[in-house]
Asker: 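Before I ask anything, let me first share the structure, which is written out below as structure tokens.
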Amino acid sequence: MRYSQAFIHTLFEAPKEAETPSHIFLLRGSYVYPLAAGLYSLLPLGHRAAEKIKRIVREELDAIGGLEVTMPVVNPAEIWKKTGRYFNIGDELIRFKDRREREFVLAMTHEEVVTDMAKQFVRSYRDLPVMLYQIQTKIRDEARPRAGLLRVREFQMKDAYSFHHDFEDLDAYYPKIFNAYLRIFARCGLNATPIEADSGIMGGSGSHEFMLESASGEDDFVICPACGYSANTEKAVGIKPERLPCEDVGAAPAMEKVGTPSVKTIAALMEFFGCSGENFIKTVAYVADGKLVLAVVRGDFNISATKLANYLKAVNLDYAPEKTLFEMGLNAGFLSPFAIDGVRTVFDSSLTGSALYIAGANELDMHLKNVLPGRDFELKETADISEVREGDRCSACGGADLQIRRGIELGHTFKLGTKYTARDSMDVTFLDGSGEPNRVVMGCYGIGVERLLASVIEKWHDEGGMQFPVTIAPYQIILSQLGNQPEVVAMAERLYLKLGLAWEVLYDDRSESAGVKLKDADLIGIPVRVVISRKLEKTGDVEIKIRQTGEVIICPESEFEEKLGVIFKKLEPSTASLPYMAEGA
RNA sequence: CGGGGCGUAGCGCAGCCUGGUAGCGCACCUGCCUUGGGAGCAGGGGGCCGUAGGUUCAAAUCCUAUCGCCCCGACCA
């Protein structure tokens, strides 16, 4: 492709809305063009890179027996009502009516549609297992799109669904998809860290997220440097350091009311009482599926809304509005852990009856000191509902302090189980060998294509621009002709033809100055640059520069194709020594 | 949805406070010239100043409303 014909329009300065590296370079490098918040067109360069990613995804999924399909984005609301997601998902799901007033949704994933297909065609154990996948547009009305392609409202997702005759078969299959994911990311030049993830209201028994560590990410995850345990902070469990027990709990002084005018937060209480967070009891009011619930943790912990929601099996969980509390005679900031009639109260396992605390008094501007859990109130319902903290001891090995990292979620795998095939959902069964009906068991697996593209840039860039891995670069070679003397042009044209036989070449044939051409080549991140100039033409040499390393090789024209072959082989990302999951026989 | 910021040419910005002509750099078009890190000279095209009302003889500028975009947080099957 000749640069002059390639619809590439690089920008010298980035539009001011761009802040993250991938966003800046995608815009400057003429890979994407914004249409509205969270809606982007992929320009020719971006489109080519995305197609490369999709090709890798297809190769890896086909290799484990995946079958590609295409499912509609417009779905009748009916199937979404059947699975309940029509009601459980908020405004993120776009709902609308057609001209005949029939209800539809724009699919944000395709569990309903694929399960509907399975219901039709999976009849016998002989039809299982089967894995169907597609690369299809997904629509999500995100509350806040951000960082260019990292979080958008319309994007392409590779979504895969596997169907099994029982949980054991799903368990046996799961490592294949897990390992295929590791290979996909590795081939795109990324080392993804698989972490244990929360399965949320999707339900199911096991789930992993594949994270790219990055400051531009929006998810925190926990890793143990000693044993390798890693998990989403929503799910991670650490060892909660015990408070030093009272010398004699039995002889502990009785509770005592203390006036604390307008002292509401733990931070303010710490200052007021002059002691650290672990001496307090924090009580927070939530509304879970319409019902008021109190969550109680030790003051030095935060409540994990995800853990609490999971424990309560709540679909919707939100902070209780102050108005609701007020109507019940409660005061935010002075809530107490003491049982209130008719209000469910859940205690975090950080609270034990071994030490005295300061707690809210359920009275405006009042707290209680010398509160002893177990003596002064009953720890009736205890669960792990607090968020893990940096430095908490690893609960898997007990040997090291957990670290919290920030990352981008590249992919997600779920063991769904029978959430969608259950009788009260889509109701999908098959006949086993003895003619008995059995419930189909599912898994689902997603990768966002554009987010993966942006993530590669987050990982691979420098001040000058992008540094694509050879596997997904829109072109493998950029041929830059510096100077327009006839001999130089002739040599460039000759090389363009020759290189085009083996590689995808972008030939910069513009009459721009040398500086412009070299800067643009760096910006758009083509992995290998070949330069022809008057100086080189005279000696019959060509120059090869590797974008990622900056390495420059000058060699005679007669040798350079062979050299390039070696270089490309070396630049191919390796899929060896990834943290593969053991696959059964 | 809460907090903050910004809307003037494709991009980056000035002008607004103190009302009266819309400007600069880059990009784009023509010609000459130039080609190893965002050259040079000459000429040229392009903006109802986000939108709608209001004040005024007169509004990019003052007032009101509204829309859009970005950032932080909440949310995220």
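Side chains are part of it too, since the values below use all heavy atoms of this structure and drop only hydrogens, waters and symmetry mates. Just so it is clear: chains get the letters A, B, ... in the order the sequence lines come, proteins before strands, and each one is counted from 1.
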Asker: Does B:C72 have its OP1 or OP2 closer than 4.0 Å to a side-chain nitrogen or oxygen of A:Arg144?
Answerer: yes

Asker: Tell me what A:Gly515 touches on the nucleic acid: a base, only sugar-phosphate, or nothing, going by heavy atoms under 4.0 Å.
Answerer: sugar-phosphate

Asker: Within the modelled atom types, does a donor on one side and an acceptor on the other bring the side chain of A:Ser513 and the base of B:G38 under 3.5 Å apart?
Answerer: no

Asker: Return the nucleotide paired to B:U61: Watson-Crick means purine N1 to pyrimidine N3 with N6-O4 or O6-N4, wobble means G-U with N1-O2 and O6-N3, both under 3.5 Å.
Answerer: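 Across any shown strand, B:U61 pairs with none.
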
Asker: Side chain of A:Glu19, heavy atoms from C-beta onward: which of B:C70, B:U35, B:A74 has the nearest atom to it?
Answerer: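 Nucleotide nearest to A:Glu19's side chain: B:C70.
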
Asker: From B:G12, B:G36, B:C26, pick the nucleotide closest to the side chain of A:Lys16?
Answerer: B:G12

Asker: Give me the distance, rounded to whole Å, that separates B:U56 from B:C16 when you measure between the P atoms they each carry.
Answerer: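 Pairwise P distance, B:U56 against B:C16, rounds to 24 Å.
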
Asker: Looking only at the side chain of A:Leu536 (C-beta and beyond, no hydrogens), which of the listed nucleotides B:G12, B:G38, B:G36 gets closest?
Answerer: B:G36

Asker: Would you name the heavy atoms of A:Met442 and A:Tyr420 that are closest together and state the gap between them?
Answerer: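 Taking every non-hydrogen atom into account, SD-CB, 3.9 Å.
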
Asker: For a quick check of understanding: with a heavy-atom distance under 4.0 Å over all strands, which category does A:Arg529 fall into, base, sugar-phosphate or nothing?
Answerer: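 The residue A:Arg529 makes base contact.
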
Asker: Base, sugar-phosphate or nothing for A:Ala147? Non-hydrogen atoms, less than 4.0 Å.
Answerer: sugar-phosphate

Asker: Could you tell me how far B:G50 sits from B:C6 if I compare only their C1' atoms? Round to whole Å.
Answerer: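 Nearest-Å result for B:C6 against B:G50 at atom C1': 12 Å.
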
Asker: Choose from B:C11, B:G37, B:C13 the nucleotide whose nearest atom is closest to any side-chain atom of A:Glu13.
Answerer: B:C11

Asker: Whether A:Lys282 engages the ring of A:Phe301 as a cation-pi pair (distance to the six-membered ring centre under 6.0 angstrom, angle to the ring normal within 45°) should be assessed.
Answerer: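 Ring-cation test returns no.
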
Asker: Within the 4.0 Å heavy-atom criterion, would you say A:Val488 contacts the bases, only the backbone, or no part of the nucleic acid?
Answerer: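 A:Val488: no heavy atom of the nucleic acid under 4.0 Å.
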
Asker: Can you tell me if A:Asn232 and A:Glu209 form a side-chain donor-acceptor pair at under 3.5 Å?
Answerer: yes

Asker: Say we look at B:U21 and B:C49: how far apart would their P atoms be, to the nearest angstrom?
Answerer: 13 Å

Asker: Nearest to the A:Asn484 side chain among B:G38, B:U35, B:G12, which nucleotide is it?
Answerer: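 Nucleotide nearest to A:Asn484's side chain: B:U35.
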
Asker: Under 3.5 Å, is there a donor-acceptor pair between the A:Gln134 and A:Thr70 side chains?
Answerer: no

Asker: Strictly by modelled atom types, are A:His47 and A:Tyr31 linked by a side-chain donor-acceptor pair under 3.5 Å?
Answerer: no

Asker: P atom, B:G31 versus B:C17: distance in rounded Å?
Answerer: 44 Å

Asker: Among the candidates B:C72, B:G37, B:C13, find the nucleotide nearest to the side-chain atoms of A:Arg146.
Answerer: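 Given the options B:C72, B:G37, B:C13, the side chain of A:Arg146 is closest to B:C72.
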
Asker: Let's test your reading of the model: under 3.5 Å, does the base of B:G38 pair with the side chain of A:Arg28 as donor and acceptor?
Answerer: yes

Asker: From the options B:G38, B:G36, B:C11, select the nucleotide whose nearest atom is closest to the side chain of A:Ala514.
Answerer: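 Taking heavy atoms from C-beta onward, the closest nucleotide is B:G36.
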
Asker: Need the pair for B:C13. Rule: Watson-Crick or G-U wobble, both distances under 3.5 Å, any strand; none if unpaired.
Answerer: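 Base partner found: B:G23.
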
Asker: So is A:Arg48 actually on top of A:Tyr475's ring, under 6.0 Å and inside 45° of the axis?
Answerer: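 Yes; both conditions hold, so A:Arg48 lies above the ring face of A:Tyr475.
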
Asker: Look at the side chain of A:Glu512 against the base of B:G38 and say whether a donor-acceptor pair falls under 3.5 Å; ignore hydrogens and angles.
Answerer: no

Asker: Out of B:G36, B:U35, B:C11, which has the shortest distance to the side chain of A:Leu518?
Answerer: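 Shortest atom-to-atom distance from the side chain points to B:G36.
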
Asker: What does A:Lys138 touch in the nucleic acid at a heavy-atom separation under 4.0 angstrom: a base, only the sugar-phosphate, or nothing?
Answerer: nothing

Asker: Select base, sugar-phosphate, or nothing to describe what A:Ala36 touches, counting heavy atoms under 4.0 Å on all strands.
Answerer: sugar-phosphate

Asker: With a 4.5 Å limit on heavy-atom distance, are the side chains of A:Ile408 and A:Glu218 in contact?
Answerer: no

Asker: Among the candidates B:C13, B:C71, B:U35, find the nucleotide nearest to the side-chain atoms of A:Ser511.
Answerer: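 For the A:Ser511 side chain, the nearest candidate turns out to be B:U35.
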
Asker: From the list B:C75, B:G36, B:G12, which nucleotide is the closest neighbour of the side chain of A:Glu17?
Answerer: B:G12

Asker: Taking the C1' atom of each, how far is B:G47 from B:A14, in whole Å?
Answerer: 15 Å

Asker: Which is true for A:Ala143 with a 4.0 Å heavy-atom rule: it touches a base, it touches only sugar-phosphate, or it touches nothing?
Answerer: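 If one applies the 4.0 Å heavy-atom cut-off, A:Ala143 turns out to touch a base.
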
